[in-house]
Amino acid sequence: MPLTSYRPKPFGGYERTGAVASHPSSPVLACGIFLWVLVILMAVNGAFLTLLYGTYAKDVTRVQEEPDRRRTAALAP
């Protein structure tokens with residue numbers, strides 16, 4: 001008897017069954033872990049970008065005012 005077999009899912013596709021399907025190094029399990037790591041990293045990235053967006057307006061104002069400040073300092077006697 002093979003360690004892994006496939007059986008049809010009710011709504012299409014196939015699922016793995018047998019001893020290898022539940023093994024920790026199973027590609028099915030590794031894919032699920034990878035998906036959760038990806039989702040968590042995307043959530044952390046979204047939170048980080050949200051924090052950066054809070055300082056964006058202040059940074060834009062500072063960058064736009066810097067050339068004016070330098071020009072004024074250069075033209076001052």
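Quick note: residue numbers are just sequence positions, from 1.
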Return each pair, listed once, that meets salt bridge (charged side-chain N to carboxylate O under 4.0 Å, His left out) where at least one residue sits in residues 37-50; pairs must be two or more places apart or across chains. none
Donor-acceptor pairs under 3.5 angstrom involving side-chain atoms of residues 67-77: please list them, not counting sequence neighbours.
unit_1: Asp68; atom_1: OD1; unit_2: Arg71; atom_2: NH2; d: 2.5
unit_1: Arg69; atom_1: NE; unit_2: Glu66; atom_2: OE1; d: 3.4
unit_1: Arg69; atom_1: NH2; unit_2: Glu66; atom_2: OE2; d: 2.5
unit_1: Arg70; atom_1: NE; unit_2: Glu66; atom_2: OE2; d: 3.0
unit_1: Thr72; atom_1: OG1; unit_2: Asp68; atom_2: O; d: 2.8

Give the table of side-chain donor-acceptor pairs shorter than 3.5 Å for residues 49-57, with sequence neighbours excluded, one pair per line with atom names and distance.
unit_1: Thr50; atom_1: OG1; unit_2: Gly46; atom_2: O; d: 2.8
unit_1: Thr55; atom_1: OG1; unit_2: Leu52; atom_2: O; d: 2.9

Side-chain heavy atoms under 4.5 Å apart, restricted to Ile/Leu/Val/Met/Phe/Trp/Tyr: what other residues fall into the cluster of Val63, or is it alone? none
